[in-house]
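Some notes on the structure that comes next.
Just so we're clear, the structure is a prediction, and the values are computed from it rather than from any experiment.
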Amino acid sequence: MRFSLFVVVVTGWCLGSCTPSPRPARSPQLHDSLEYYFTVANDDSTALQTRRRAADRARVLTEKLPKDSTYVKNVLRVANRYWNTQEYKFSDQLSRKAYRLAKNRRQFVELGKACSYLSDYQDLIQREDSAFFYRLESKNAYEKLPYTHKNYPDALRLCAFFKYRNNDYYGTQRYAYQALKAAKVTGDAKYISDSYLILGLAHFNLGELDSTTYYYTKARLRGLDPTRVMFLDSDIAILLCEKKQYKEAIRLQKQSLAYAKRHAFRDSCRIMLGLGYTLFKSGNLSEGKEIMLKADKALDSLGTIMQIIGNKTNLSEYYAYVGDTLASIRFARSAKQKASEWHLPVDRLNALKRLLLVDKKNRDLLTTEYLSLSDSLQLAERLNRNKFAQIEYQTSELKEQNQQLLTQNQKITIGASSFGVLLLGGLFARHYRARKKEVQLLRERQAADDEIFQLLQQQQEKVEEGRKLEKRRISQELHDGVMGKLSGIRLNLFVLNKRSDPETVSKCLGHIDKIQEVEKEIRSIAYDLENDLFGEDHSFSALLRTLVQTAKEVSTTQFHLDLDAAIQWDAIPNTVKIQLYRVLQEALTNIRKYAQAKTVHITLRQRKQHLWAVVTDDGIGFMPSAIKKGLGLTNMETRIRRHGGNLKVKSAQGRGTTLVFTVPVMKNETRLDDE
């Protein structure tokens with residue numbers, strides 16, 4: 001089914017719930033003359049002039065009241081009565097007065113109502129930008145009240161509908177979801193139903209018919225009033241017709257029409273319009289034509305212009321289908337003429353589209369008119385979106401300014417904020433014109449962020465694993481080296497508790513010297529932990545010599561370092577140098593602890609894209625097959641293999657030990673980060 005029919009039937013229902021309507025008065029109190037005049041001014045059965053005089057008298061009496069907290073409420077009630085008596089300008093003047101007073105006194109309930117009344121008037125005079133501004137102001141005022149306030153979901157619902165009327169369907173969804181959430185808190189079935197309905201409208205215009213059907217069904221279930229259920233069933237039938245489920249659509253429409261006729265609803269013509277079109281689309285041409293012609297006559301007498309135009313467009317489609325081109329052209333031209341008279345550009349565009357299909361004689365002229373109107377509508381839509389976006393931004397800025405007024409000078413704050421609003425408003429408008437491009441960039445950025453996150457996560461895992469290995473190495477050094485030596489010294493010095501002769505004291509002094517060795521070893525470990533060995537200010541060859549020199553100072557073993565002068569350390573990545581340093585450090589530590597060697601030779605050479613290192617000692621050795629790998633060998637092997645290298649251990653009992661390992665030094669190596 002065409003979009004025009006859906007707008008006529010569904011949007012007409014929403015407009016009825018969103019346009020200003022008489023607001024109920026409080027119960028009269030006979031002893032209170034002000035209440036009496038309020039009641040008379042709001043009584044539809046009383047003559048209009050009498051009601052206006054009652055509103056005038058209520059205004060005079062209100063001005064004599066004390067200017068306390070109830071004064072603003074009474075000003076708003078007078079504005080309400082002027083509205084109901086069609087004195088719209090007086091209503092607007094009093095609403096503005098109440099707006100200023102409520103804002104200064106921070107009476108948020110009255111501020112929200114005043115903004116709502118001002119929005120009604122701006123909507124009446126077709127100034128949608130100002131109307132939307134006051135709708136947002138109303139919403140912001142109710143936000144300062146407890147979340148359960150009954151007017152809050154209505155303010156959100158009306159903001160959603162303003163967005164819908166200006167074709168901002170994503171903005172419509174945003175406000176409608178907020179309205180639905182607030183309405184569920186307050187438990188108001190009407191606003192819950194309306195929120196679902198507006199969500200259905202937004203999804204329909206985005207081409208998501210399944211979602212539209214879902215939200216319309218939810219709206220129907222929440223529409224407890226039988227009259228509202230009738231209209232919702234009629235609207236759901238239109239969606240079923242769009243999905244070619246004609247049988248169920250006709251059942252719902254006939255059911256709704258029967259209810260409307262029983263209760264003498266004027267809007268039964270609207271249901272007939274949809275039923276006739278559904279019958280036509282389902283193949284029941286004669287009955288569909290009869291109902292559409294009957295609806296056409298009834299609508300002309302009722303004067304519901306949008307439905308008249310929609311039905312004439314449907315009849316044009318029908319006659320084109322049965323081959324009566326002249327009748328099709330006549331109804332399409334009639335729809336176009338009425339749309340032009342009532343300044344309804346969207347309906348006029350739909351009528352032009354129908355004429356283009358049947359009026360071949362004037363196709364060139366109609367095409368030019370259609371393209372011109374389509375371009376103007378698109379331009380107006382973009383301008384409205386920019387305007388509404390700027391209004392939303394400005395109202396959010398005003399909320400922040402109100403908070404700042406408590407602590408800052410009013411004049412300075414307003415001046416600075418006004419400049420900021422103008423500047424940022426211009427930037428926002430410029431940003432909005434590039435919206436489609438920005439959305440694409442945001443998607444690409446999100447994908448890149450996901451990839452970066454995964455890489456960072458992998459890097460973090462590697463860093464954590466390296467830290468664990470380093471902690472295990474330091475733990476072993478402290479436990480097997482420092483703690484072992486200290487335990488031995490403690491046991492040897494313990495004898496002083498039992499014997500203190502000169503010979504025993506002399507022997508114990510030798511053990512005291514060993515404490516200095518322990519101090520040097522602790523100092524070496526602390527130096528490694530505290531200093532950035534691989535920073536830019538260090539020469540790697542000098543670091544290796546320092547490592548060997550430190551080993552000499554804490555041991556009686558002779559260490560000899562043979563470095564290939566041709567190795568260009570600056571060209572080797574830090575990851576390679578880090579692993580090389582740690583493996584050599586582990587190897588020398590193991591030799592000091594277990595080898596009992598007199599001499600150790602360390603040799604480093606570069607073979608093309610690999611570093612080749614050999615560590616040989618003349619210690620007691622061991623049988624590799626008979627000894628379980630300790631923490632030191634495990635650490636070395638893990639570092640080398642994770643970096644793509646190899647480690648070989650050659651040893652025999654009483655013949656010393658030789659470690660041979662190679663490490664790749666390629667520039668693009670990225671498998672292991674600096675740990």
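- The nearest pair of heavy atoms linking Q122 to S130 is OE1-CB, 3.4 Å.
- The OH atom of Y175 sits 8.5 Å away from the CG atom of L156 when rounded to the nearest 0.5 Å.
- In this structure, a donor-acceptor pair under 3.5 Å is present between the side chains of E63 and Y71.
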Criterion side chain to side chain contact (heavy atoms under 4.5 Å, CB included) on L206 and Q173, from CA distance to verdict: CA-CA 11 Å; L206 292 172; Q173 289 177 333; 3.7 Å; yes
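- Ionic pairing of D296 and K312 is present here: one or more N-O contacts between side-chain nitrogen and carboxylate oxygen are shorter than 4.0 angstrom.
- Distance NZ/K73 to CG/L65: 13.0 Å, rounded to 0.5 Å.
- Shown here for A182 and P153, the closest heavy-atom pair between the two residues is CB-CB, 4.0 Å.
- Looking at S91 and R81, their side chains never bring a donor and an acceptor atom within 3.5 Å of each other.
- Shortest non-hydrogen contact noted between S256 and I271 is O-CD1, 3.8 Å.
- Side-chain contact between S195 and K181: absent, with no pair of heavy atoms (C-beta onward) separated by less than 4.5 Å.
- In this structure, the side chains of E242 and I238 stay at 4.5 Å or more apart for every pair of heavy atoms.
- With N74 contributing its side chain and T70 its backbone, the two residues share a donor-acceptor pair below 3.5 Å.
- With salt bridges taken as basic N to acidic carboxylate O contacts below 4.0 Å, none links R348 and E341.
- T39 places a side-chain N or O within donor-acceptor distance of the main-chain N or O of E35, the cut-off being under 3.5 Å.
- Ion pairing between R52 and D56 fails under the 4.0 Å rule for side-chain N and carboxylate O.
- Panel note: side chain S374, backbone Y370; no donor-acceptor pair is recorded below 3.5 Å.
- Atom OG of S193 and atom OH of Y216 lie 9.5 Å apart (nearest 0.5 Å).
- Judged purely by atom type and a 3.5 angstrom limit, Y169 has no side-chain atom pairing as donor or acceptor with the backbone of K163.
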Working for salt bridge (Lys or Arg N to Asp or Glu O under 4.0 Å), residues D44 and R51: CA-CA 8 Å; D44 292 337; R51 294 168 59 198; 3.4 Å; yes
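- A salt bridge does not link D347 with K338: none of the charged nitrogens is closer than 4.0 Å to a carboxylate oxygen.
- Contact between A54 and A41 at its shortest, heavy atoms only, is CB-N, 3.9 Å.
- A distance-only check finds a donor-acceptor pair linking the side chain of T62 to the backbone of A58 [under 3.5 Å].
- Using a 4.0 Å cut-off between charged side-chain N and carboxylate O, D154 and R157 make a salt bridge.
- Judged by distance alone, with hydrogens and angles left aside, the side-chain atoms of T313 form a donor-acceptor pair with the main-chain N or O of I309 at under 3.5 Å.
- Residues Q93 and K97 have side chains not in contact (no heavy-atom distance under 4.5 Å, counting atoms from C-beta outward).
- How far CG of N42 is from CG of N80: 6.0 Å, rounded to the nearest 0.5 Å.
- Between the side chain of T85 and the backbone N or O of Y82, at least one donor-acceptor pair lies under 3.5 Å.
- The shortest distance between side-chain heavy atoms of V40 and T50 falls below 4.5 Å.
- Atoms CZ and OG, on R354 and S316 in that order, are 5.0 Å from each other to the nearest 0.5 Å.
- One finds no salt bridge joining D68 and R105 here, because no Lys/Arg side-chain nitrogen approaches an Asp/Glu carboxylate oxygen to under 4.0 Å.
- Ring pair Y88/W83: centre-to-centre distance below 6.0 Å.
- Contact of the L199 side chain with the Y164 side chain is not registered, since no non-hydrogen atoms from C-beta on lie closer than 4.5 Å.
- A side-chain N or O of Y99 and one of E137 form a donor-acceptor pair less than 3.5 Å apart.
- Of all non-hydrogen atoms in A351 and A332, the two that sit nearest each other are CB-O, 3.8 Å.
- Residues S95 and A114 come closest through the heavy atom pair O-CB, 3.8 Å.
- For the residue pair E317 / Y277, a side-chain donor-acceptor distance below 3.5 Å is found, with atom types taken as modelled.
- When atom types are taken as modelled, the side chain of S376 and the backbone of L373 share a donor-acceptor pair closer than 3.5 angstrom.
- At least one donor-acceptor pair under 3.5 Å links the side chain of Q107 to the backbone N or O of S69.
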Test log, rule salt bridge (Lys or Arg N to Asp or Glu O under 4.0 Å), inputs D359 and R333: CA-CA 10 Å; D359 191 356; R333 285 179 176 174; 3.0 Å; yes
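- Counting only heavy atoms from C-beta outward, the side chains of Y191 and T186 never approach each other to under 4.5 Å.
- Aromatic pair Y152/Y142: ring centres not closer than 6.0 Å.
- Between E87 and R59 no salt bridge is recorded (no basic side-chain N to carboxylate O distance below 4.0 Å).
- For the pair K243/D210, a side-chain contact is recorded, criterion being any heavy-atom separation below 4.5 Å from C-beta on.
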Check against side chain to side chain contact (heavy atoms under 4.5 Å, CB included), S116 and R135: CA-CA 6 Å; S116 179; R135 284 295 173 203; 3.1 Å; yes
Intermediate values then yes/no, side chain to side chain contact (heavy atoms under 4.5 Å, CB included), D92 and L118: CA-CA 6 Å; D92 182 62; L118 290 170; 3.2 Å; yes
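- For K67, the NZ atom sits in a packed shell: over 12 heavy atoms of surrounding residues, nucleotides or ligands are nearer than 6.0 Å.
- For the pair M292 and N311, the minimum side-chain heavy-atom distance is below 4.5 Å.
- Using modelled atom types, one side-chain atom of N140 and one backbone atom of L136 make a donor-acceptor pair closer than 3.5 Å.
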